Amino acid sequence: MMKFDLEATLIFSDSVEEAVKDIEEAIRESNETLLKKGVPESVEDGGADVRGFSVEKDTLTLNIDSDRYVRAHDALLRLKKRLNKELGPEHHVGVRELSIDGYAIELDLDRAPKDPEKITLPYVEEVSFDEKRCVLKISELGEKELKENYVDRIIERLKEKVDAQYYEGKEEMWELLWGSDEKEMAWEKDPTEEMLERDWIKRGPTKGKWFYRPEMAKVLKTIEKIAVKEVLKPLGFQEIVESMMVPFDVWIETGHMEGIPNEAYYVTEPKTRNPGEWEEIIDEIKIARDVPDEKLEDMIETPKAGICYAQCPTIYWSFRNETISDDSLPVLVYERTVPSARYESGGRHGLERVDEFHRIEPVYIGTKEQLLELKEKLIERYKHVFEEVLDIEWRMAKVEPFYLQQSGGSEKEEELDLGTVDFEAYLPYRGTREESEWLEFGNLSVFRKYTESFNIKSQSDTLLSGCTGIGLERWAMAFLGQKGLDRENWPEKFDDYFGDMPDGFELL
Ligand code: ATP
Ligand code: ZN
Ligand code: MG
């Protein structure tokens with residue numbers, strides 16, 4: 001059930017009192033044809049109806065009722081066009097302004113909200129529930145917003161918020177796929193603490209950031225080398241280099257803008273590059289040895305981009321609206337120059353969760369068959385590295401956020417099938433195998449949504465995409481957490497890749 005009840009005003013460029021007869025006729029006629037277009041034949045009395053109208057000087061007030069087939073605001077837009085065409089030639093008037101005075105939408109949800117009081121929405125004056133039945137009173141929408149489907153998105157958002165009340169606090173699905181043998185642990189210490197002790201790393205210079213001295217830098221670079229040589233090269237991945245700054249429109253398209261606005265680091269530009277206009281601030285800095293916050297605020301723009309959160313959005317952007325030749329499929333690329341920034345706030349600990357991390361992100365675009373085959377090959381190469389080169393104790397799990405499990409339907413089923421695989425490693429310093437939380441040090445996903453939203457096509461087949469994160473800090477923590485910092489406990493293959501230990505510095 002869905003019912004729309006709209007009160008709206010059209011203001012014309014001049015009085016339309018003379019044209020009342022023609023307006024009446026246009027409305028009568030529209031009620032029979034124009035406002036019924038799109039209603040399936042099987043539906044009786046469907047569509048929209050102008051229930052009443054009045055004219056005063058240049059203002060036409062309308063009351064429109066409708067069902068889901070021709071939503072009242074669409075009827076209003078149709079009618080506006082019709083009236084312009086009808087009244088223009090003869091009466092020399094046109095609609096100058098369109099506004100909504102009241103818009104009530106009544107609909108049935110799939111389920112009643114658990115906590116109706118908590119549901120609020122922008123552009124909605126009032127939302128009330130009677131079990132599954134919901135009435136929305138919408139205001140503040142202009143013509144532009146109506147044309148751009150705000151009403152549909154408000155209803156979508158409402159449904160999302162009701163659904164969210166059902167999965168709040170629930171764990172995401174976690175299903176073990178495979179686990180390595182139990183392995184002997186070289187130590188049970190926290191590698192971050194020990195590396196600080198040995199001056200391999202230094203905390204800072206700002207929250208959640210780290211400085212890697214030569215020893216740790218070499219560990220990270222060695223892991224990078226291993227991943228490229230043992231995983232990416234054998235599978236034919238090509239390296240690309242992207243920008244570290246991501247404009248909001250790219251994040252809107254990938255869903256990051258709505259998904260992680262609370263974790264993004266934002267980038268601002270100076271309002272001007274003219275040094276003269278910066279003189280006052282420069283004077284302050286020179287004299288006070290500090291940055292005057294308020295003055296600076298006046299000199300910079302509000303952010304319109306963020307620092308890379310994951311490399312894949314910009315890679316998808318680079319293929320936006322492209323048709324990829326069958327010969328180039330599957331596209332296999334990786335990015336390893338741009339660090340990722342995430343405001344982890346309270347979640348930080350050691351190097352397992354940092355605000356700026358280094359990751360190789362391989363991205364793949366291809367047909368479903370190609371990507372499902374690639375997924376198996378990637379897992380095989382990863383397994384080889386974790387077993388033969390790093391020799392760690394790890395496991396693989398299929399994971400899915402709760403909301404995906406809930407939203408049924410065959411398409412979603414398939415999505416689940418493509419889904420995400422997490423790689424997790426045991427960290428002895430956190431406790432026993434059974435009770436402690438294992439560290440997610442990598443993952444691998446295949447998606448439908450990005451090729452869709454960026455309109456990436458092939459010559460024939462539908463394309464899917466996916467990515468897999470090789471977080472260097474996380475791989476390092478999985479490795480060092482189990483093998484320790486002393487080389488005699490490192491597996492031979494890793495040690496060979498590592499080469500000579502850098503001298504580092506003796507800090508007195
Ligand atoms: P978590 O649940 O641990 O926050 P996530 O789901 O946010 O992880 P993804 O967005 O899937 O992680 O990131 C992919 C990979 O990036 C992770 O597997 C990990 O290797 C790495 N990673 C993510 N966040 C961090 C971080 N704060 N510090 C270091 N590495 C990270
Ligand atoms: Zn990604
Ligand atoms: Mg996270």
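Just follow the structure's listing: the first ligand is 1, and inside any ligand the first atom is 1. Counting begins at 1 with the first residue of the sequence. None of the values given here were measured: they were computed from a predicted structure.
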For the CG atom of Asp190 and the OH atom of Tyr429, what is their distance to the nearest 0.5 Å?
4.5 Å
Starting from atom 21 (C) of ligand 1, what is the nearest protein heavy atom, named by residue and atom, and what distance separates them?
Phe357 CE1, 3.7 Å
Quick note on ligand 1: atoms under 4.0 Å from a heavy atom of Glu352 include exactly 28 (N), 29 (C)
How close does the nearest protein non-hydrogen atom get to atom 16 (O) of ligand 1, and which residue and atom is it?
Arg359 NH1, 3.4 Å
Flag for Glu194-Thr192: side-chain donor and acceptor within less than 3.5 Å:
no
May I ask you to check whether Tyr382 and Thr468 show a side-chain donor-acceptor distance below 3.5 Å?
yes
Would you check if the distance from the ring center of Phe479 to the ring center of Phe494 is below 6.0 Å?
yes
Geometric N/O contact Arg342 with ligand 1, under 3.5 angstrom
yes
Check each atom of ligand 1 against the heavy atoms of Gly442 and keep those under 4.0 Å away; list them by number with element.
18 (O)
Residue and atom name of the nearest protein heavy atom (relative to atom 17 (C) of ligand 1), distance in Å to one decimal
Glu440 OE2, 3.6 Å
Between Thr254 and Tyr316, is there a side-chain donor-acceptor contact under 3.5 Å, judged purely by atom types and distance?
no
min-distance protein heavy atom vs atom 3 (O) of ligand 1 -> Arg353 NH2, 2.8 Å
Taking 4.0 angstrom as the limit and counting only heavy atoms of Asn443, give me the atoms of ligand 1 inside it, by number and element.
9 (P), 11 (O), 14 (C)
Taking only non-hydrogen atoms of Val354 and a 4.0 Å limit, the atoms of ligand 1 in range are 26 (C), 27 (N), 28 (N), 29 (C)
Between Phe441 and ligand 1, is there a nitrogen or oxygen pair with a distance under 3.5 Å?
yes
Would you mind running through ligand 1 and noting each atom that sits below 4.0 Å from a heavy atom of Glu344?
24 (N), 26 (C), 27 (N)
Does the structure place the NZ or CZ of Lys225 under 6.0 Å from the centre of the six-membered ring of Tyr497, at an angle of no more than 45° from the ring's axis?
no
Relative to the Zn ion (ligand 2), which of the N, O or S atoms in Glu361 is the closest?
OE2
Do any N/O atoms on Glu473 end up under 3.5 angstrom from N/O atoms on ligand 1?
no
Between Trp394 and Tyr426, ring centroids under 6.0 Å
no
Does ligand 1 have any atom sitting under 4.0 Å from a heavy atom of Gly471?
yes
Single hit among Lys493, Lys383, Lys483 for salt bridge (Lys or Arg N to Asp or Glu O under 4.0 Å) with Asp391:
Lys483
What is the SG(Cys312)-the Zn ion (ligand 2)-SG(Cys467) angle, to the nearest 10 degrees?
120°
Report yes if the distance between the aromatic ring centroids of Trp178 and Phe423 is under 6.0 Å, otherwise no.
no
Salt bridge flag under 4.0 Å for residues Glu356 and Lys209
no
